[in-house]
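Worksheet for the structure shown next.
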Amino acid sequence: MSSKSVLVAVGLLVVTALVFAAGWHFGSQPVRPVASSAPAAAPDGAVAWQAIAAPLPGTQIDAVRRGVPVDQEGDPPPLARVENADIKRLRAYPMQPPTIPHTIDGYQVDKNANRCMLCHARANAATFQAPPVSVTHYMDRDDQFLATVSPRRYFCNQCHVVQTDAQPLVANAFRDIDSLIARPEAQ
């Protein structure tokens with residue numbers, strides 16, 4: 001056995017001993033009690049997990065819950081209406097898949113047919129005055145161009161969703177580069 005192997009083995013042994021000692025030290029620390037209004041205790045003294053998982057009063061874990069505490073069930077928001085105006089929206093962030101500006105109710109998109117490609121295929125886009133599918137959808141994983149849409153891009157509604165009048169659940173201050181460049185010098 002070479003001296004290099006011995007040094008590596010000794011180093012691993014020292015690191016293992018340090019990790020074990022740290023685990024021993026921090027594992028023996030007393031558990032900080034969780035603030036809760038009334039922890040539910042079982043007759044055998046065990047604390048129910050719901051009491052431990054409950055958030056502190058007045059705190060909110062998830063902004064998407066719209067102020068409803070985690071231990072309560074809120075009213076669902078009304079269903080959003082699909083916009084069917086054929087007006088494209090700006091993208092909310094770079095590389096976002098464009099949203100669909102029309103309804104797709106009844107569209108068949110499965111292994112047998114893809115209704116979206118009737119209008120958005122390169123061969124048909126001009127006829128239907130629809131934007132053609134991006135060239136990236138005709139590339140395989142090795143960036144080789146294909147004659148038809150790549151199977152990994154075939155199911156359109158895996159990435160693209162219809163536009164609705166739903167309000168954003170969280171704020172978004174994204175501005176695309178065009179709006180930043182066009183912004184007049186304020187100061």
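Predicted model, so just to flag it, every value in this text is computed and none were measured.
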How long is the span from the [atom1] atom in [X] to the [atom2] atom in [Y], to the nearest 0.5 Å?
X: N84; Y: D86; atom1: CG; atom2: CG; answer: 6.5 Å
X: D71; Y: E73; atom1: CG; atom2: CD; answer: 11.5 Å
X: T136; Y: M95; atom1: OG1; atom2: CE; answer: 7.5 Å
X: L12; Y: L7; atom1: CG; atom2: CG; answer: 11.0 Å
X: R153; Y: L146; atom1: CZ; atom2: CG; answer: 11.0 Å
X: M117; Y: C156; atom1: CE; atom2: SG; answer: 6.5 Å

Write down the atom of [X], the atom of [Y], and the distance for their closest heavy-atom approach.
X: P97; Y: C159; result: CB-O, 3.7 Å
X: S134; Y: Y138; result: O-CD1, 3.6 Å
X: P131; Y: A125; result: C-CB, 4.4 Å
X: P94; Y: F174; result: CD-CE1, 3.3 Å
X: H160; Y: P98; result: ND1-O, 2.7 Å

Can you tell me if [X] uses its side chain to pair, donor with acceptor, with the backbone of [Y] under 3.5 Å?
X: D140; Y: D143; result: yes
X: R91; Y: Q96; result: yes
X: N114; Y: Y154; result: yes
X: D142; Y: Q144; result: no
X: Q163; Y: I87; result: yes

More than 12 heavy atoms of other groups within 6.0 Å of [X] [atom1]:
X: L79; atom1: CG; result: no
X: L90; atom1: CG; result: no
X: D165; atom1: CG; result: yes

* Asked: Among the clusters formed by ILVMFWY side chains lying less than 4.5 Å apart, do V109 and I104 turn up in the same one?
  ->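 Looking at the clustering, I104 is in a separate group from V109.
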* To do: Check the angle between the aromatic planes of Y107 and H102 and answer parallel, tilted or perpendicular using the 30° and 60° thresholds.
  =>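 Y107 and H102: tilted rings.
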* **Transitive ILVMFWY cluster of M139, excluding itself - 4.5 Å side-chain cut-off** =>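 Under the 4.5 Å side-chain rule, M139 groups with V135, F145.
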